[in-house]
Trainee: 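Here it is: the structure, laid out below.
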Amino acid sequence: MTVRRLDGAFNLTGWPWAGDDGIGGQPVTQFNLTTGQRRSLSVPAGQELFCGAA
């Protein structure tokens with residue numbers, strides 16, 4: 001098993017993706033643990049975004 005430290009409050013959402021929850025109106029960030037790719041998703045005011053394996 002390997003442990004990897006990530007800056008931020010990331011949760012494993014579905015291998016190989018980890019994501020944060022975009023608290024305080026900040027974009028949600030997803031991080032690919034295999035490739036290192038990062039992507040940010042903005043959520044319109046009044047809407048919620050849930051990330052998972054599907």
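Only heavy atoms go into these numbers, but all of them, side chains included; no hydrogens, no water, no symmetry mates. Numbers here simply count residues along the sequence, with the first being 1.
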Trainee: With a 4.5 Å cut-off on side-chain heavy atoms, are Pro27 and Leu41 touching?
Mentor: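 SC-SC contact between Leu41 and Pro27 ruled out.
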Trainee: The criterion is side-chain contact (heavy atoms from CB on, under 4.5 Å); which residues satisfy it with Thr34, sequence neighbours excluded?
Mentor: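 For Thr34, the residues satisfying side-chain contact (heavy atoms from CB on, under 4.5 Å) (neighbours in sequence not counted) are Trp15, Pro16, Asn32.
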Trainee: At what distance, to the nearest 0.5 angstrom, does CZ of Arg39 lie from OG1 of Thr29?
Mentor: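 The CZ atom of Arg39 sits 11.0 Å away from the OG1 atom of Thr29.
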Trainee: Could you see if Trp17 belongs to whatever hydrophobic cluster contains Leu12? Use Ile, Leu, Val, Met, Phe, Trp, Tyr and a side-chain cutoff under 4.5 Å.
Mentor: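 Unlinked, Trp17 and Leu12 end up in two clusters.
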Trainee: I'd like to check Asp20 versus Asn11 (side-chain heavy atoms, cut-off strictly below 4.5 Å). Are they in contact?
Mentor: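 They are not in contact (no side-chain heavy atoms under 4.5 Å apart), so the answer is no.
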Trainee: Taking only residues two or more places apart in sequence or in another chain, which ones pass side-chain contact (heavy atoms from CB on, under 4.5 Å) with Arg5?
Mentor: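 Once residues adjacent in sequence are excluded, Arg5 has no partner under the side-chain contact (heavy atoms from CB on, under 4.5 Å) criterion.
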